[in-house]
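The residues of the chain are indexed from 1 along the displayed sequence.
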Amino acid sequence: MALVDTHPLRGLDLGYARVSTNKQSLERQLDALGAAGIPAERIYTDKKTGATVDREGLTALLAYARHGDTIVVHTLDRLGRNLREVLNLVHDLAERGVGVRSLADPLPINTSDEGMGRVAFLLLALFAEMERTFTAERVTHARSVAEAAGRRVGRPIAHPADKIEYARLLKAQGESLGKIAAETGIPKTSLHRYLEPFLEGQR
């Protein structure tokens, strides 16, 4: 993570690099950012999974960036866990007057530019919205098909209620867990949960 105490200028390019694990190397991204003219003291880094919300490098970068600055990344996916999070972050930065530029995406992004980079970003936003719509439609369709076929919608029941009641009956009759598991097909680990009142009464 870059250590920068002051922000003497406006319109700075600020680099950000991230890898998913400590075993991966930041070298490729750092080399690309350096080649783009960004000095090491203005490059922020994280070595954490994208699923980790608390990323110290990104947090420090966002706190340091000012209106007119541009955050530069190797590829846009370095900024977030998924496309929606990236888009939300870029929109938030745009409201602050902070641009985002990528170096190695198939169509490089530059939200400060009104040319093709801006168009590319808007297309990404459109594709993300389309994917949310398509996902919702697929879920709705699957639910309709399942309900039409008389299938239960939602999480499956691990073990039928009649088998659980049979297990309880066997336990009340003094059968061992091994025998009950063999008779009902319910694993011992689950039987402990279903038969807890009976087991406590025998302690």
Rounded to the nearest 0.5 Å, what separates atom [atom1] in [X] from atom [atom2] in [Y]?
X	Y	atom1	atom2	value
Ile164	Leu191	CD1	CG	9.0 Å
Lys47	Glu56	NZ	CD	14.5 Å
Leu33	Thr45	CG	OG1	10.5 Å
Arg42	Asp69	CZ	CG	8.5 Å
Arg18	Leu58	CZ	CG	9.0 Å

By salt bridge (Lys or Arg N to Asp or Glu O under 4.0 Å) - contacts of Arg78 (at least two apart): none
For residues 91-104, which side-chain donor-acceptor pairs fall under 3.5 Å, sequence neighbours excluded?
{"from": "Arg96", "atom 1": "NH1", "to": "Leu62", "atom 2": "O", "distance (Å)": "3.2"}
{"from": "Arg96", "atom 1": "NH2", "to": "Leu62", "atom 2": "O", "distance (Å)": "2.9"}
{"from": "Arg96", "atom 1": "NH2", "to": "Ala65", "atom 2": "O", "distance (Å)": "2.8"}
{"from": "Arg101", "atom 1": "NH2", "to": "Asp13", "atom 2": "OD2", "distance (Å)": "3.0"}
{"from": "Ser102", "atom 1": "OG", "to": "Asp105", "atom 2": "OD2", "distance (Å)": "2.8"}
{"from": "Ser102", "atom 1": "OG", "to": "Ile109", "atom 2": "N", "distance (Å)": "2.9"}

Which pair of non-hydrogen atoms, one from [X] and one from [Y], has the smallest distance, and what is that distance?
X	Y	answer
Lys188	Ala181	CG-CB, 4.3 Å
Glu85	Leu79	OE2-O, 4.3 Å
Leu61	Gly15	CD2-O, 4.3 Å

Taking the side chain as C-beta and beyond, is there a heavy-atom pair between Leu170 and Glu183 under 4.5 Å? yes
Does a side-chain heavy-atom distance below 4.5 Å link Thr184 with Tyr194? no
Is the side chain of Gln29 donor-acceptor paired with the backbone N or O of Val73 at a distance under 3.5 Å, no angle test? no
Between the main-chain N or O of Leu26 and the side-chain N or O of Arg28, is there a donor-acceptor pair closer than 3.5 Å? no
Once side-chain hydrogen bond (donor to acceptor under 3.5 Å, both in side chains) is applied, do any residues pair with Thr75, and if so which ones, sequence neighbours excluded? Asp77
